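For reference, the structure discussed in these notes is given below.
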Amino acid sequence: MQYMSDADLDVCPVCGDAVSGYHYGLLTCESCKGFFKRTVQNNKSYTCSETQDCRIDKTQRKRCPFCRFQKCLRVGMRLEAVRADRMRGGRNRFGPMYKRHRALKQQKNALLQSHGLKVEYHATDVISSPTRTPLNFPNITTTPSNTITSDLHQQTHSSNSFFQNQTRYESPHHYHVSPLGALYSPIHAMAVIGDCSGISGQAHCSGSFSPQGSALPQLLVEFLHCELDELQVQSKIIGRLQQMQGEGGWGGYGETHMYLMVDQMLFYIVEWARGSVFFKELKVSDQMKLLHHCWCDLLALDIVSRQVQHGRQGSLVLVTGQEVDLPALVTPAGPLLRTLVQKGQELVEAFRKLQVDRNEMVCFKFLILFNTDVKHVENQSFVENVKEQVHRALLEYTLCAFPQFLDKFDQLLLCLLDLRALSTLAEEYLCSKDICGEVPCNNLLNELLHAKHHSV
DNA sequence: ATAGCCTTGAGA
DNA sequence: TCTCAAGGCTAT
């Protein structure tokens, strides 16, 4: 295989063995190529003696041809590339596709290197490959007691703490088998990406071919699975706010209402983090340190992304769906709030101009959460590792989904810096307010505001 | 049946 | 002429 230069580092998406070149639509190993050819040429039919979800790896690939063939199809091997006339040599119609995929890979690797990221086999191997375990999963011990408690939320959500009662995977091998099976799932990717208007020229939009690089990175699929249901969160927050207004007599839509709402938003931000892939593997103490550091960034991103998605010029869309007139909000406000609103509007515009999509927003959340600048985190290497994986997945996604927009990744990272600046401003604003005087002291907003200033 | 190596031949 | 992804061959 002297001619393999860019593929020799890859692993077969079916079994994890070394790739020998492009075969039937994508980079696979020699044995899966042969297996696929035999199966199609001889019109074989197999049956599975288990539950049709056998794990296929290098050592077990012979065990269940049924599941192996299913996996071949799932990762995108093309039946039509097996020639009915058995003609040898020459080229088929996939040739140009292979070439494009090669160029894309090269481009990706160059960009990865320029960003100081290691060039890996696949951006998504880390989750699915049975042959490698680049992620250092911490050994989870019994959950220590938390310090974040809130009577308000205890009552509301019948949990005595945000960080207790987490169910965790004890096995460090949990992620070796992806819940979705394949390294890439073009079908799933299509469903998530939706229409193809923003992905001009992409192979998987033509409906004819899906080389592995053009589907949604598996990591992103995992992230999307962690998302909370937006409408459900909205209705829960509306319900809780109505309940509190009834109880405490905080009527109207003044500042108090805003703080209560922010408090509720924070509750769901913490809930999202707690249930999220990677984060839930961390020790509670590390989870707290990370959240204490980034809650306001996440809050700012949540607000900004809502404006990008639903907002109109001159108004602020709240998590409850209500619209607030911005001039009415700003006119009586102090200079800090005015700046905050102005910077926020600028960021919303920047996001719109960049056409930041939902997938990229989700990556942002994980980049914010897994901040390597947070001090005294016990499992720092884990945080670094996750951050690098998110970077890689985001880069891969932007290159595949927006090939005409080569520096989108860089632009996105710059946006993230602006978001952090906005968040700092927002936190400053919140600190300047006597929130305790406005709302009951026992709230998450207060807790997080104080936690940051008492720690370090 | 599997999988590593060999041969073929259209297109760059 | 060279490349490299098809199909073919064969020991295990």
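As the structure is a prediction and not an experimental result, all values here were calculated from the model. Chain letters run A, B, ... following the sequence lines, proteins first and then strands; every chain starts at 1. Below, each value reflects all heavy atoms present in this structure, side chains not excepted, and no hydrogens, waters or symmetry copies.
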d(CZ, A:Arg102; P, B:dG11) in whole Å: 17 Å
Interatomic distance where NZ belongs to A:Lys58 and C1' belongs to B:dG4 [whole Å]: 12 Å
side-chain N/O A:Gln41 vs C:dG8 OP1/OP2, d < 4.0 Å: yes
A:Glu349 side chain to A:Gln345 side chain, donor-acceptor N/O pair below 3.5 angstrom: no
Touch class at under 4.0 angstrom, heavy-atom based, for A:Arg68 against every strand present: sugar-phosphate
Length of the CZ-C1' vector between A:Arg78 and C:dA5, whole Å: 16 Å
A:Lys365 with A:Glu227: basic N within carboxylate O range, under 4.0 Å: yes
Length of the CZ-P vector between A:Phe66 and B:dT2, whole Å: 15 Å
Side chains of A:Glu323 and A:Ser315, donor plus acceptor under 3.5 Å: yes
Under 4.0 angstrom between A:Tyr22 side-chain N/O and C:dT3 OP1 or OP2: no
Listed nucleotide nearest any side-chain atom of A:Lys99, set B:dT2, B:dA12, C:dA6: B:dA12
Presence of donor-acceptor pair under 3.5 Å, side chain of A:Lys33 and base of C:dG7: yes
A:Arg68 NZ/CZ over A:Phe35 ring centroid, <6.0 Å and within 45° of normal: yes
Interatomic distance, A:Arg38 CZ vs C:dG7 P [rounded to whole Å]: 13 Å
Phosphate OP1/OP2 of B:dA1: any A:Arg61 side-chain N/O under 4.0 Å: no
Among C:dC4, B:dA3, C:dG8, the nucleotide that comes nearest once only the side chain of A:Lys37 is considered: C:dG8
Salt bridge flag under 4.0 Å for residues A:Lys343 and A:Asp418: no
Rounded interatomic separation in angstrom, taking CG from A:Leu26 and P from C:dC4: 17 Å
Atom-pair distance (CZ on A:Arg63; P on B:dA3), nearest Å: 14 Å
Flag, side chain of A:Gln287 to backbone of A:Phe279, donor-acceptor distance under 3.5 Å: yes
Nearest-neighbour nucleotide for the A:Tyr98 side chain, C:dG8, C:dA5, B:dT2 considered: C:dA5
Charged N-O contact under 4.0 Å between A:Glu30 and A:Lys33: yes
Cation over ring face, A:Lys408 and A:Phe402, 6.0 Å, 45°: yes
Steps toward salt bridge (charged side-chain N to carboxylate O under 4.0 Å, His left out) verdict (A:Asp57, A:Arg55): CA-CA 6 Å; A:Asp57 60 28; A:Arg55 182 174 164 164; 3.6 Å; yes
Candidates B:dA1, B:dC6, C:dA5 - which lies nearest the side chain of A:Glu30: B:dC6
Contacts of A:Ala81 that satisfy side chain to side chain contact (heavy atoms under 4.5 Å, CB included) - sequence neighbours left out: A:Tyr24, A:Arg78, A:Asn92, A:Phe94
Spacing of A:His23 atom NE2 relative to B:dA3 atom P, expressed in whole Å: 13 Å
Short side-chain N/O contact to C:dA6 OP1/OP2 from A:Asn92, under 4.0 Å: yes
Contact list for DNA chain C against residues 43-51 of chain A - heavy-atom distance below 4.0 Å: none
Sub-4.0 Å heavy-atom contacts from residues 82-91 of chain A onto DNA chain B, ordered by number: A:Arg88, A:Gly89, A:Gly90, A:Arg91
